[in-house]
Amino acid sequence: MAMEGASSFPTWEEIELSESYLVCCMFQEAAILSSSIIEQLIEKNGKTNEDNCELGDMLESAAMILVQSYKELGRTSEILKQLKMLFGSVTAIPAQVFLTGVCLQIPDGPSAEVQEILEEFLSKWRYVDGKYYSVASIEEFSNQISLGVDKYLEIIELYVITFLGRILGNLDLAISWVEKFPLPEEKRQDLLRQLYSMNTLKLVSSSQSSALPLQIDECTTDSTSLIEEKSCNGTANILEHRDQSKGENTMKQSILEFSRRRTPLWWFRTVTLKFGSSRLVLSNGSIFLGFLAALVYYTVRRKQASLWSVLKRQASSTKKALVDFWQLAFSYQVNPLAAVQPLPPATRGSR
């Protein structure tokens, strides 16, 4: 029975199958299979209760396929809720998967659910010995879930600068949150500088917007010529256009920011090679870099061989020219006694 249970655990082949469903636009099948794989992997991790790097990679790959499938199915608003349900807690979700899910869900419209999950995620980590560890794993002395400092601070910046500052426009809340939340002092000052700069730009923009209606009123009451009337209409059109496009520009900037933060799923796809009982797992990124290096090496060698051939031909031509010149120079017969021989009789008579 134990052997049957062990054989029922997911393998890389099943993850690759769910990825094939995704590539073939069978998004529903990909979502169902990847969800099943995540559930079985978490069950296995709960039974073994050990830190397994391969198990973590399998969880991250399956979760990325699930997130991408939900995006293609138009269910982005359910991504974070589904991930939390499958993993049991937000801290158990792989950091890159969580970040990708947030970036996909926010453009559909900022919601209290996204803000609540982000705050829950950030509040459940403690800094210990150069890393962030989940509070639950520290208190229970169980399998510790750790998170790199850079990744944790990246999620904080996403929440404070992008979500609270740019999308919600609540800079006061963002500043208050940064001042109270336990952060490295250098990072706190950096975030505060960005927020104060955004607040200054917001105040300048609002003051300019409030000054424009006064100019429009003066223009309409005192205008006596066609030129002044056209100027007023132009100012009003500019104000109206700014009001309509303000929200659209903010959302476009946020979406572009999310797009830059997202890591393409293709780069993390893996290829599994079997050699007897051993297994070698290669990512598409490493395969691509290896192919690129081989292509560069082949191009350099080909150009080198071509250059060497040209040099050999030139050297051979030069050598042949020198040999021909040498043979020509020494083929002319010179009589060494010509200088001491007497002149012919006719020559002497003429003198």
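Below, all heavy atoms of this structure are taken into account, side chains as well, without hydrogens, waters or symmetry copies.
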Novice: Return the set of residues passing ring pair (Phe, Tyr, Trp, His ring centres under 6.0 Å) with Y196 (not counting sequence neighbours), or none when no residue passes.
Specialist: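 Partners of Y196 under the ring pair (Phe, Tyr, Trp, His ring centres under 6.0 Å) test: none.
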Novice: Check ring pair (Phe, Tyr, Trp, His ring centres under 6.0 Å) between Y159 and all other residues, then give those that pass, not counting sequence neighbours.
Specialist: W177
Novice: Compare every heavy atom of I106 with every heavy atom of F163, then report the nearest pair and how far apart it is.
Specialist: CD1-CD1, 3.7 Å
Novice: For the pair S316 (side chain) and K312 (backbone), establish whether a donor and an acceptor sit closer than 3.5 Å, ignoring hydrogens and angles.
Specialist: no
Novice: Which heavy atom in P184 sits nearest to a heavy atom in Y132, and how many Å separate them?
Specialist: CD-OH, 3.8 Å
Novice: Do any side-chain atoms of residues 29-39 form donor-acceptor pairs under 3.5 angstrom with protein atoms, and if so which ones, sequence neighbours left out?
Specialist:
from, atom 1, to, atom 2, distance (Å)
S34, OG, A30, O, 2.7
S34, OG, A31, O, 3.1
S35, OG, A31, O, 2.8
S36, OG, Q40, NE2, 3.0

Novice: Other residues, nucleotides and ligands only: do more than 12 of their heavy atoms fall within 6.0 Å of NZ on K151?
Specialist: yes
Novice: How long is the straight-line distance from CG of L41 back to CG of D57, given to the nearest 0.5 Å?
Specialist: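 Rounded to the nearest 0.5 Å, the CG-CG separation comes out at 11.0 Å.
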Novice: Does the T299 side chain pair with the main chain of L295, one donor and one acceptor, at a distance under 3.5 Å?
Specialist: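 Yes, the answer is positive, given that a donor and an acceptor are paired below the 3.5 Å cut-off.
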Novice: Would you check if C25 and F27 make a side-chain contact, meaning some heavy-atom pair closer than 4.5 Å?
Specialist: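 Yes, their side chains come closer than 4.5 Å.
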Novice: What pair of heavy atoms forms the shortest contact from L158 to L99, and how long is it?
Specialist: CD2-CD1, 3.4 Å
Novice: Any side-chain to backbone donor/acceptor pair from K202 onto G169? Under 3.5 Å, distance only.
Specialist: yes
Novice: Let me see the working for V102 and F121 under side chain to side chain contact (heavy atoms under 4.5 Å, CB included), right down to the final yes or no.
Specialist: CA-CA 11 Å; V102 171; F121 181 88; over 6 Å; no
Novice: Got a sec, which residues hit salt bridge (charged side-chain N to carboxylate O under 4.0 Å, His left out) with E78, two or more places apart in sequence or on another chain?
Specialist: R75
Novice: Say whether, by atom type as modelled, one donor and one acceptor occur between the side chain of Q105 and the main chain of V114 under 3.5 angstrom.
Specialist: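 Not at all, since once roles are kept as given, no pair shorter than 3.5 Å links the two residues.
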Novice: Are P182 and Y127 close enough that some pair of their side-chain heavy atoms sits under 4.5 Å apart?
Specialist: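 Sidechains of Y127 and P182: no contact.
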Novice: How many angstroms lie between atom CG of N199 and atom CG of L171, to the nearest 0.5 angstrom?
Specialist: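 Separation between the atoms: 5.0 Å.
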Novice: Examine distances only and state if a side-chain atom of S61 and a backbone atom of M58 form a donor-acceptor pair shorter than 3.5 Å.
Specialist: no
Novice: How close do F87 and A92 get, heavy atom to heavy atom, and via which atoms?
Specialist: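 Closest pair (atom of F87, atom of A92, distance): CD2-O, 3.4 Å.
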Novice: Answer yes if M64 and L73 sit in the same cluster of Ile, Leu, Val, Met, Phe, Trp and Tyr residues linked by side chain heavy atoms under 4.5 Å apart, and no otherwise.
Specialist: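 Linked, M64 and L73 end up in one cluster.
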Novice: If I take atom CD1 from residue I93 and atom CD1 from residue I117, how far apart are they, to the nearest 0.5 angstrom?
Specialist: 7.5 Å
Novice: Kindly write out the residues that satisfy salt bridge (charged side-chain N to carboxylate O under 4.0 Å, His left out) with R193, not counting sequence neighbours, or none if the list is empty.
Specialist: D190
Novice: Report the distance from atom CG of L195 to atom CD1 of I161, rounding to the nearest 0.5 Å.
Specialist: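 Taking CG in L195 and CD1 in I161, the distance rounds to 4.0 Å.
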Novice: What are the two closest non-hydrogen atoms of I79 and G101, and how far apart are they?
Specialist: CG2-CA, 3.8 Å
Novice: Quick one: does V160's side chain get under 4.5 Å of Q194's, heavy atoms only?
Specialist: no
Novice: Going by heavy atoms in the side chains, are E154 and D150 under 4.5 Å from each other?
Specialist: no
Novice: Just so I know, are the side chains of T100 and V97 near enough to count as touching, which here means a heavy-atom distance under 4.5 Å?
Specialist: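 Heavy-atom side-chain distance check fails, nothing below 4.5 Å.
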Novice: Do the non-hydrogen side-chain atoms of Q115 and L164 ever get within less than 4.5 Å of each other?
Specialist: yes
Novice: Could you go through I175 and E179, starting from their C-alpha distance and side-chain angles, then the distance that decides it, and tell me whether this counts as side chain to side chain contact (heavy atoms under 4.5 Å, CB included)?
Specialist: CA-CA 6 Å; I175 293 172; E179 290 175 345; 3.6 Å; yes
Novice: Does E185 CD have over 12 foreign heavy atoms under 6.0 Å away?
Specialist: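 Atom CD in E185 is crowded, with more than 12 foreign heavy atoms closer than 6.0 Å.
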Novice: Is there a path from L83 to M85 through hydrophobic residues (I, L, V, M, F, W, Y) whose side chains come within less than 4.5 Å of each other?
Specialist: no
Novice: Please identify each residue that fulfils ring pair (Phe, Tyr, Trp, His ring centres under 6.0 Å) with Y70, with sequence neighbours left out.
Specialist: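 Result, ring pair (Phe, Tyr, Trp, His ring centres under 6.0 Å) vs Y70: none returned.
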Novice: Out of curiosity, W125 CH2 to I155 CD1, how far, rounded to the nearest 0.5 Å?
Specialist: 8.0 Å
Novice: Measuring from L55:CG to I42:CD1, what's the distance to the nearest 0.5 Å?
Specialist: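 So the CG of L55 and the CD1 of I42 are separated by 9.0 Å.
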Novice: So, for K84 and E120, which heavy atoms are closest and what is the spacing to 0.1 Å?
Specialist: NZ-OE1, 3.0 Å
Novice: With clusters defined by side-chain heavy atoms of hydrophobic residues (ILVMFWY) lying less than 4.5 Å apart, directly or transitively, does L173 cluster with L191?
Specialist: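 Looking at the clustering, L173 is in the same group as L191.
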Novice: Are F98 and L118 side-chain neighbours, meaning at least one heavy-atom pair lies under 4.5 Å?
Specialist: yes
Novice: Test L66 against L86 for side chain to side chain contact (heavy atoms under 4.5 Å, CB included), laying out the working first.
Specialist: CA-CA 11 Å; L66 176 67; L86 288 172; 3.4 Å; yes
Novice: Indicate yes or no: at least one non-hydrogen side-chain atom of Q314 is less than 4.5 angstrom from one of V310.
Specialist: yes
